[in-house]
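Written below as C-alpha cells is the structure these notes are about.
Values below: every heavy atom of this structure, side chains too, minus hydrogens, waters and symmetry copies.
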Amino acid sequence: MFIDSHCHLDKIDLSPYSGQFSEAVCAAHARQVNEMLCVSIDKEHFPSMYQLIADQPTIHASFGIHPCHVEKAEDVLSEAELTKWVKDHSKVVALGESGLDYYYTKDTSELQKESFTNHLRVADQLALPVIVHTRDAREDTLTLIKKHGGESGGVLHCFTESLAMAQAAIEMNYLISFSGIVTFKNAQELKEVVKAIPLEKILIETDSPYLAPIPYRGKKNEPKYVVEVAQCVADLKGVSIEEVAEVTSANFHRLFSQARSS
C-alpha cells in the first residue's frame with residue numbers, strides 16, 4: 001500500500017474520469033495508493049476542498065495558509081482562528097501547508113514569519129504535525145521550527161533543499177517528503193539526499209496536480225503517480241518498492257497519528 005502524503009485533490013484534472021472525482025480515487029486505489037492527504041493552501045478554497053473529500057474515509061485533510069497566499073496582514077490567521085478551523089473539521093490531521101517562500105514572495109517575509117509562527121504554535125497546542133513549504137528560506141525556516149515547533153514535529157514537503165537542511169530538520173523530529181522532482185534527470189543533488197537519509201525519515205508525495213514524475217513529466221499529476229516516486233526512492237536506496245511502500249506508510253501514520261481515526 002502506498003500513501004500520497006501531499007496532494008491538492010480539488011485541483012486535479014478530472015477530464016480523464018468524465019469529471020467524476022470518485023473515479024480518480026478509484027484509479028489511485030487500482031495502483032494500491034490507498035490513502036491520501038489533501039492539503040490546504042488558503043481558507044477561501046478550504047470549504048469546497050473539504051466537501052469534496054468528506055465522504056472518503058481514506059482521504060485526510062490539513063488546514064493552513066500557504067506562504068504565497070500571505071499577501072497582507074488580513075491573511076495572517078490568529079492562533080484562535082487557526083484553532084477553530086481545525087477543531088471544526090474532524091478530518092484535519094495537520095496544520096499547513098505553511099512556511100516561508102522567499103523565491104516568489106520575499107517582500108512579504110515578515111508576514112510569512114508571523115503566519116508560520118502561528119501555525120507552529122497551534123500545532124504544538126493541538127499536538128498535530130506541521131506541513132512545511134520552504135523555498136530559499138533555509139535559515140529562517142529552521143530557526144522558527146526550533147523556536148516554536150512542538151514535539152509532534154512535521155514534514156518538509158516537496159523537498160528540494162540541501163542535505164544539511166534535511167539533517168537539521170530530522171533532528172527536530174521532522175520527516176522529509178520527496179515528490180516527482182526526485183525522478184527528474186537534473187535532480188542529482190536531490191537524489192544524493194535520498195541516498196543519505198534513513199528510509200524511516202522519508203515520505204513520498206505527488207503534490208498533485210503539479211510536478212508529475214518521469215515518465216509523465218509535463219502532464220497533469222495525480223495521486224496514482226506516487227508509485228513512480230516510490231520506485232525512484234527504491235532504486236536510489238537499493239531496496240524493493242514494497243519496502244518503500246511499507247516503511248513510508250508506517251512513517252506517515254507515525255507522524256499523522258490522527259489519520260488512523262479520521
Side-chain angles (χ1 to χ4, degrees), residues 2-8 11-13 28 31 33 36-37 39 41 66-68 96-97 99-106 131-142 145 154-171 174-249 251-252 255:
F2 303 92
I3 298 177
D4 185 354
S5 68
H6 190 113
C7 50
H8 304 281
K11 300 182 184 303
I12 64 172
D13 181 14
R31 297 197 72 195
V33 183
M36 305 157 215
L37 177 50
V39 176
I41 59 172
H66 191 288
C68 291
E97 64 185 284
L100 304 173
D101 192 312
Y102 296 171
Y103 180 83
Y104 286 113
T105 54
K106 191 171 184 178
I131 301 167
V132 177
H133 170 105
T134 179
R135 190 168 184 188
D136 286 3
R138 295 178 186 179
E139 184 176 345
D140 285 352
T141 298
L142 292 173
I145 290 174
V155 56
L156 301 188
H157 106 92
C158 194
F159 192 78
T160 57
E161 302 291 343
S162 67
L163 174 59
M165 185 178 192
Q167 292 170 329
I170 287 169
E171 289 178 1
Y174 270 64
L175 299 184
I176 309 300
S177 182
F178 297 97
S179 69
I181 292 175
V182 76
T183 70
F184 297 173
K185 292 179 180 179
N186 63 350
Q188 195 55 47
E189 183 179 347
L190 191 60
K191 295 177 193 290
E192 294 302 318
V193 175
V194 174
K195 293 178 184 179
I197 66 176
L199 185 56
E200 289 74 19
K201 302 299 181 181
I202 290 175
L203 294 179
I204 53 176
E205 65 171 273
T206 61
D207 204 12
S208 303
Y210 319 107
L211 305 171
I214 290 174
Y216 306 103
R217 189 174 183 181
K219 298 182 179 181
K220 295 286 188 180
N221 205 1
E222 55 182 292
K224 69 179 182 180
Y225 295 147
V226 80
V227 178
E228 277 65 35
V229 179
Q231 185 64 66
C232 182
V233 170
D235 292 343
L236 291 168
K237 303 293 282 184
V239 300
S240 69
I241 190 171
E242 290 81 9
E243 183 175 349
V244 170
E246 180 180 357
V247 175
T248 58
S249 293
N251 296 343
F252 178 90
L255 180 64

Between [X] and [Y], is any pair of side-chain heavy atoms under 4.5 Å apart?
X	Y	value
Ile12	Cys7	no
Val33	Phe2	yes
Gln231	Ile241	yes
Met165	Thr141	yes
Val247	Val239	no
Lys201	Asn251	no

Which heavy atom of [X] sits nearest to which heavy atom of [Y], and what is that distance?
X	Y	result
Ile204	Ala230	CD1-CB, 3.8 Å
Ala196	Leu163	CB-CD1, 3.7 Å
Glu97	Pro67	O-CD, 4.4 Å
Ile176	Ala169	CD1-CB, 4.2 Å
Cys232	Thr183	CB-CG2, 3.8 Å

Please report the C-alpha distance between His133 and Asp101 in whole Å, then the side-chain angles of each, then the deciding distance to 0.1 Å, and finally whether the side chain to side chain donor-acceptor pair (under 3.5 Å) criterion is met. CA-CA 7 Å; His133 170 105; Asp101 192 312; 2.7 Å; yes
Rounded distance [0.5 Å steps], [atom1] in [X] versus [atom2] in [Y]:
X	Y	atom1	atom2	value
Ile170	Glu200	CD1	CD	10.5 Å
Ile3	Glu205	CD1	CD	13.0 Å
Ser179	His157	OG	NE2	8.0 Å
Glu189	Glu161	CD	CD	9.5 Å
Ile202	Thr248	CD1	OG1	9.0 Å
Lys195	Leu190	NZ	CG	11.5 Å

Side chain to side chain contact (heavy atoms under 4.5 Å, CB included) for Val182 and Leu236? Distances and angles first, verdict last. CA-CA 10 Å; Val182 76; Leu236 291 168; 4.1 Å; yes
Classify the ring geometry between Phe159 and Phe178 as parallel (under 30°), tilted (30 to 60°) or perpendicular (over 60°). perpendicular
Hey, mind stepping through Ser5 and Val155 against side chain to side chain contact (heavy atoms under 4.5 Å, CB included) and telling me if it holds? CA-CA 10 Å; Ser5 68; Val155 56; 5.9 Å; no
Could you check whether Arg31 pairs with Glu228 (Lys NZ or Arg NE/NH1/NH2 to Asp/Glu carboxylate O, under 4.0 Å)? yes
Hey, is the main chain of [Y] close enough, under 3.5 Å, to the side chain of [X] for a donor-acceptor pair?
X	Y	answer
Lys11	Ser208	no
Thr206	Tyr225	no
Lys237	Ile197	yes
His6	Leu37	no

Would Ile145 and Leu156 count as a side chain to side chain contact (heavy atoms under 4.5 Å, CB included) if you check the C-alpha gap in whole Å, the side-chain angles of each, and the deciding distance to 0.1 Å? CA-CA 11 Å; Ile145 290 174; Leu156 301 188; 4.2 Å; yes
Applying side chain to side chain donor-acceptor pair (under 3.5 Å), run through Gln188 and Glu192 and close with a yes or a no. CA-CA 6 Å; Gln188 195 55 47; Glu192 294 302 318; 3.3 Å; yes
